[in-house]
Amino acid sequence: MELKFKPSDILEKEFKTGLRGYNQEEVDVFLDDIIQDYEAFEKKISQLQLENKQLREELAEAPKRTQQAPPPPTGATNFDILKRLSHLEKHVFGSKLYE
């Protein structure tokens, strides 16, 4: 997306005055507001482009991290884990657990 104007273009723009032209001070105040908006837009666009670049790099690296992850332990299902936990609780807490 190419912008037609830069903040400096707006700042340096001069208008011809006519017999019953616009109030020059009013136009200047309005143009100052536009310049501030343009500057804010430029800053935000730069931030978003940087963030977009970083996210794209992270996304490109994601498959590499996934491939390096250790495989999940085999043979340990949720049921097995709960069974082991129950056995451990009985051993540690004894009959107090079931009182």
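We're numbering straight along the sequence, starting at 1. What you see below is based on every heavy atom in this structure, not just the backbone, and it leaves out hydrogens, waters and symmetry mates.
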Going from CD on Glu89 to CZ on Arg84, what distance comes out if it is rounded to the nearest 0.5 angstrom? 14.5 Å
Of all residues at least two apart in sequence or in a different chain, which pass the side chain to side chain contact (heavy atoms under 4.5 Å, CB included) check with Asp37? Phe41
Donor-acceptor contact below 3.5 Å, side chain Asp9 vs main chain Lys6: yes
For the OG atom of Ser8 and the CD atom of Glu12, what is their distance to the nearest 0.5 Å? 5.5 Å
From CG (Asp28) to CD1 (Ile35), nearest 0.5 Å: 9.0 Å
Who pairs with Asn52 by side-chain hydrogen bond (donor to acceptor under 3.5 Å, both in side chains), at least two apart in sequence or on another chain? Arg56
Do Lys53 and Glu57 have side-chain heavy atoms sitting under 4.5 Å apart? yes
According to side chain to side chain contact (heavy atoms under 4.5 Å, CB included), who are the partners of Glu42, at least two apart in sequence or on a separate chain? Pro7
Less than 4.5 Å apart, any side-chain heavy atom of Gln47 and any of Lys43? yes
Heavy-atom pair with the smallest gap, counting every atom of Tyr38 and Phe5: CE2-O, 3.1 Å
Roughly how far apart are Phe30 CZ and Ile10 CD1, rounded to 0.5 Å? 9.5 Å
CG-CD1 distance between Leu11 and Ile34, expressed to the nearest 0.5 angstrom: 12.0 Å
